[in-house]
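Each remark here refers to the structure printed beneath this line.
Order of the sequence lines sets the chain letters (A, B, ...), proteins ahead of strands, with each chain counted from 1. What you see is a predicted model, and the numbers here were worked out from it, not measured in a lab. What you see below is based on every heavy atom in this structure, not just the backbone, and it leaves out hydrogens, waters and symmetry mates.
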Amino acid sequence: MPFTIATWNINSVRLREGLVAKLLTDEAPDILCLQECKAPVDKMPLQAFAALGYTHCVARGQKGYNGVAILSKLPIEDAGDRDFATLGHARHVAARLENGVTIHNFYVPAGGDIPDREQNPKFGQKLDFLTDMQHWFAAERPHKAILVGDLNIAPREDDVWSHKQLLKIVSHTPIEVEQLGRTQEAGRFVDITRQDIPQGLLYSWWSYRAADWDAADKGRRLDHVWATPDIAGAAHSSRVLRDARGWEQPSDHAPVFATFDL
DNA sequence: ATGGTAGACGCTCTA
């Protein structure tokens with residue numbers, strides 16, 4: 001049975017409850033993974049989403065920052081969470097579908113502004129988070145798994161508006177790109193978005209600080225959909241819903257979609 | 001080289 005999954009950094013699920021409802025109504029993915037909910041689970045408006053048919057949910061939250069949720073029209077069971085890099089942050093949660101597919105929803109730390117762990121501990125935490133992911137996936141040997149989320153790294157030259165100008169900008173530095181590659185390899189994950197859209201500039205995030213984000217189009221592909229090789233061949237129809245970046249009072253991220261025929 | 005915007009929380013941090 002085919003299902004569509006979407007991932008979206010929502011930047012406050014309470015403030016943007018209406019935008020989530022719009023996405024669920026207009027696009028109707030079977031599963032929506034949210035990051036940066038910025039609320040404890042009991043403050044997330046999950047009843048409103050249940051009323052739209054998303055009656056299944058697993059989530060992890062905290063006051064003010066981080067927070068991840070998996071909303072689903074299909075039955076899911078809670079498959080746990082991990083505190084990567086021991087930050088005590090709600091940045092990961094997993095769910096299992098009845099067909100045995102495990103979904104990992106990640107919010108990787110942004111890493112601050114300076115790409116040097118001596119000058120900027122947050123950058124070190126980002127690298128450590130990825131190293132922990134590598135160790136875990138290397139031990140876990142995931143199968144029938146989908147990993148989505150805001151990984152806060154744009155790995156390819158055509159994942160950013162200017163490769164050259166972003167080489168020293170956190171999210172596109174060589175050390176981060178290398179770390180993300182190692183993380184992908186540790187779980188043998190296939191980049192589903194680029195499997196479907198192999199060529200050309202592709203972004204999922206545009207800064208709030210641009211005067212005209214659409215005209216400037218200085219984006220980055222920070223949001224990803226990966227899958228293990230045993231199900232990667234079932235994936236198709238990947239897309240970024242760029243329109244959502246232009247909605248009223250938007251998130252700075254656009255949702256990324258993929259469909260799996262499983 | 002700099003500063004620009006946004007959200008939560010509470011007078012500052014994170015992105």
| task | Verify side-chain contact (heavy atoms from CB on, under 4.5 Å) between Met133(A) and Val108(A), making sure each step is shown before the conclusion. | result | CA-CA 10 Å; Met133(A) 284 176 71; Val108(A) 172; 4.2 Å; yes
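- Summary of the strand contacts: Val13(A) and Gly112(A) both lie near DNA chain B, and taking for each the nucleotide with the nearest heavy atom, the more 5' one is attributed to Val13(A).
- The gap from the P atom of dT5(B) to that of dA1(B) amounts to 22 Å, rounded to the nearest Å.
- Within the nucleic acid shown, Arg220(A) has no heavy atom closer than 4.0 Å to any nucleic acid atom.
- We find that CG of Asn11(A) is positioned 6 Å from C1' of dG7(B), with the value rounded to whole Å.
- The two atoms that bring Leu151(A) and Trp226(A) nearest to each other are CD1-CZ2, 3.7 Å, heavy atoms only.
- In this structure, Asp150(A) and Gly64(A) both approach DNA chain B, and ranking their closest nucleotides by distance from the 5' end singles out Gly64(A).
- When all heavy atoms are compared, the tightest approach of Val58(A) to Ala95(A) is CG2-CB, 3.7 Å.
- Per the geometry, NZ belonging to Lys43(A) stands 12 Å off P belonging to dA8(B), to the nearest Å.
- Relative to the side chain of Lys122(A), the nucleotides dA15(B), dA8(B), dA6(B) differ in distance, and dA15(B) lies closest.
- At dT14(B), none of the side-chain N or O atoms of Arg91(A) fall inside 4.0 Å of OP1 or OP2 (strictly under the cut-off).
- Side chains of Asn66(A) and Lys38(A): a donor-acceptor N/O pair is absent below 3.5 angstrom, by distance only.
- With rounding to whole Å, Ile169(A) atom CD1 is found 11 Å from dA1(B) atom C1'.
- For Asn66(A) and dG7(B), the CG to C1' distance is 13 Å, given to the nearest whole Å.
- dG4(B) atom P lies 14 Å from atom CG of Asp113(A), rounded to whole Å.
- Distances from the side chain of Ser12(A) to the nucleotides dC9(B), dA8(B), dA15(B) place dA8(B) closest.
- Atom OH in Tyr107(A) sits about 8 Å away from atom C1' in dT14(B), given to the nearest Å.
- Rounded to the nearest Å, the gap between the P atom of dA6(B) and that of dT2(B) is 23 Å.
- For the C1' atoms, the distance linking dG4(B) with dA15(B) amounts to 14 Å, nearest Å.
- The listed nucleotides are dC9(B), dG7(B), dA6(B); the one nearest the side chain of Lys63(A) is dC9(B).
- Rounded to whole Å, the separation between the P atoms of dC9(B) and dC13(B) comes to 16 Å.
- Residues in residues 108-131 of chain A take part in these ring pair (Phe, Tyr, Trp, His ring centres under 6.0 Å) pairs, two or more places apart or across chains: Phe84(A)-Phe129(A).
- One atom, CG of Asn9(A), and another, P of dA6(B), lie 15 Å apart when rounded to the nearest Å.
- One N or O donor and one acceptor, one from the side chain of Arg209(A) and one from the base of dA15(B), sit under 3.5 Å apart.
- Atom name C1', nucleotides dG10(B) and dT14(B): the rounded distance is 15 Å, in whole Å.
- With rounding to whole Å, Glu176(A) atom CD is found 13 Å from dA15(B) atom P.
- Contact annotation: Gln62(A) side-chain N/O to dA8(B) OP1/OP2 distance is not under 4.0 Å.
- Other residues, nucleotides and ligands contribute only 12 or fewer heavy atoms inside 6.0 Å of the CZ atom of Arg188(A).
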